[in-house]
Number of protein chains: 2
Amino acid sequence: MNIKTRAKLEARARIIKALAHPTRLFIVEELDKKECCVRELTEMIGADMSTVSKHLAVLKNAGIVTDEKRGSQVFYKLRVLCILKFFGCVESVLRVSAEEQLEATR
Amino acid sequence: MNIKTRAKLEARARIIKALAHPTRLFIVEELDKKECCVRELTEMIGADMSTVSKHLAVLKNAGIVTDEKRGSQVFYKLRVLCILKFFGCVESVLRVSAEEQLEATR
DNA sequence: GATAAGTTTGGCTATTTTACCAATTAACCA
DNA sequence: TGGTTAATTGGTAAAATAGCCAAACTTATC
């Protein structure tokens with residue numbers, strides 16, 4: 001595997017890794033509905049605000065969300081709108097797994 | 001966030017996490033071209049075979065690939081064919097990031 | 001200006017992940 | 001049978017992640 005291929009894969013992996021956490025998936029789903037401030041997300045998630053803030057920083061560093069300060073609040077929104085389609089395939093992995101489990105019990 | 005929502009997000013995150021590594025992305029791309037045995041993948045990747053074997057186990061546990069033993073070799077293939085489409089969106093995150101970097105230099 | 005609300009950052013600990021090496025298992029073949 | 005190739009498993013050390021608390025900072029409000 002050459003250096004260029006590796007760099008490309010690492011760039012992709014960074015983005016995917018940013019999505020690879022249940023809380024961050026939740027955030028992405030909520031931001032797909034509407035932009036939210038940190039406090040709103042924190043209330044929905046039920047973790048410490050500092051934890052949520054760090055998750056948001058991960059998504060921001062990966063280029064998945066952007067932030068905008070308005071007054072004392074910081075609003076986050078999705079930067080790339082296709083992220084949700086992304087999950088269609090994830091669901092099909094789950095679906096196939098579920099079907100095979102079902103077959104195993106027959 | 002209720003318990004059912006959390007369980008769904010955790011299931012998704014497990015699959016996404018399995019993809020969140022450059023070597024595993026490489027494996028998925030190769031398996032999209034054709035099924036491969038562990039030795040073939042190991043040669044292409046250039047890591048220890050035990051390392052590659054463990055990456056394959058991660059993908060298998062996530063339900064992304066299946067394996068089949070033939071003689072002394074174990075062949076792996078993609079179980080869910082849409083995985084590659086999945087990357088289209090990842091690329092658009094990279095593309096938008098690249099564009100913004102370009103704008104910043106103007 | 002003091003206080004409160006919203007957010008981020010630093011520090012710490014616990015957990016998870018990764019990679020390599022060594023050992024083990026399984027299949028092939030000379 | 002003994003040696004070789006293919007693959008997995010267990011162990012271990014290093015690095016990365018995740019969560020909470022406390023502290024710092026900014027903006028609004030009184």
Side-chain angles (χ1 to χ4, degrees), chain A residues 1 3 6-7 9-28 30-31 34-77, chain B residues 1 3 6-7 9-28 30-31 34-77:
Chain A
M1 186 172 7
I3 187 107
R6 171 151 287 280
L9 292 170
E10 278 169 7
R12 284 187 181 179
R14 258 192 299 281
I15 293 168
I16 296 174
K17 194 184 281 189
L19 291 166
H21 190 287
T23 298
R24 294 197 290 267
L25 290 180
F26 178 82
I27 291 172
V28 168
E30 290 306 314
L31 295 187
K34 67 166 183 55
E35 59 172 29
C36 294
C37 68
V38 184
R39 182 189 44 74
E40 286 176 302
L41 291 168
T42 300
E43 281 166 11
M44 289 190 273
I45 292 164
D48 195 275
M49 185 181 268
S50 70
T51 301
V52 174
S53 178
K54 279 174 185 174
H55 281 305
L56 287 164
V58 170
L59 291 170
K60 185 180 161 187
N61 287 332
I64 295 166
V65 305
T66 52
D67 62 339
E68 185 185 334
K69 184 153 190 171
R70 288 188 218 134
S72 64
Q73 289 161 296
V74 178
F75 285 86
Y76 283 85
K77 65 179 169 192
Chain B
M1 188 174 5
I3 187 106
R6 172 151 287 280
L9 293 170
E10 278 170 5
R12 285 187 181 180
R14 257 193 299 280
I15 293 167
I16 296 173
K17 193 184 281 190
L19 292 166
H21 190 285
T23 299
R24 294 197 292 267
L25 290 180
F26 178 82
I27 291 172
V28 167
E30 290 305 315
L31 296 187
K34 68 165 183 55
E35 60 172 29
C36 296
C37 68
V38 184
R39 183 190 45 73
E40 286 175 302
L41 290 168
T42 300
E43 281 167 11
M44 289 189 272
I45 291 164
D48 195 274
M49 185 182 266
S50 69
T51 301
V52 174
S53 179
K54 279 174 185 172
H55 281 305
L56 286 164
V58 170
L59 290 170
K60 185 180 163 186
N61 286 333
I64 294 166
V65 305
T66 53
D67 62 338
E68 185 184 335
K69 183 155 193 171
R70 288 188 218 135
S72 64
Q73 289 162 297
V74 178
F75 285 86
Y76 282 85
K77 64 180 168 190

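Just so we're on the same page: letters track the sequence lines, and every chain starts at 1.
Whole-Å rounding puts the A:Asp48 CG to D:dA18 C1' distance at 12 Å. What separates CD1 of B:Ile27 from P of D:dA7 is a distance of 13 Å, to the nearest Å. Here D:dA16 presents its P atom at 16 Å from NZ of B:Lys17, a figure rounded to the nearest Å. Atom CD of A:Gln73 is separated from atom C1' of D:dT29 by 14 Å (rounded to the nearest Å). Look at CE on B:Met49: it is 6 Å from P on D:dA6, rounded to the nearest Å. Across the protein-nucleic acid pair, A:Leu59 atom CG and D:dT17 atom C1' stand 14 Å apart, rounded to whole Å. Atom NE2 in B:His21 sits about 12 Å away from atom C1' in D:dA15, given to the nearest Å. Protein atom CG of B:Leu41 is 15 Å distant from nucleotide atom C1' of D:dT8, rounded to whole Å.
Closest contact between the side chain of A:Lys54 and the listed nucleotides D:dC20, D:dT9, D:dA6 involves D:dC20.
DNA chain D is contacted by both A:Lys69 and A:Val58; A:Val58 maps to the nucleotide lying nearer its 5′ end (nearest heavy atom per residue).
With hydrogens and angles ignored, the 3.5 Å screen pairs no side-chain donor or acceptor of B:Glu43 with any backbone N or O of B:Glu40. No donor-acceptor pair under 3.5 Å is formed between the side chain of B:Ser53 and the backbone N or O of B:Met49.
Residues B:Ala62 and B:Arg14 approach most closely at CB-O, 4.5 Å, considering heavy atoms. Closest heavy-atom contact between B:Asp48 and B:Thr42: C-CG2, 4.3 Å. Across B:Thr23 and B:His55, no two heavy atoms sit closer than the pair CG2-CD2, 3.6 Å.
Proximity of A:Ser72 to the phosphate of D:dA28: no side-chain N or O atom is located under 4.0 Å from OP1 or OP2.
Using a 4.0 Å heavy-atom cutoff across all strands shown, A:Lys60 reaches no nucleic acid atom at all. Note on B:Tyr76: only backbone sugar-phosphate atoms sit closer than 4.0 angstrom, heavy atoms only; bases stay farther off. Here A:Arg24 lies in heavy-atom contact (under 4.0 Å) with sugar-phosphate atoms only. Heavy atoms of A:Ala57 sit nowhere under 4.0 angstrom from any nucleic acid atom. No contact: B:Thr42 has no heavy atom under 4.0 Å from any strand.
First and last contacting nucleotides of DNA chain C toward chain B (any atom under 4.0 angstrom from a heavy atom, 5' to 3' order): C:dT17 to C:dC28.
Note: A:Arg24 CZ to A:Lys54 NZ = 12.5 Å, rounded to the nearest 0.5 Å.
In this structure, the side chains of A:Lys77 and A:Leu31 stay at 4.5 Å or more apart for every pair of heavy atoms.
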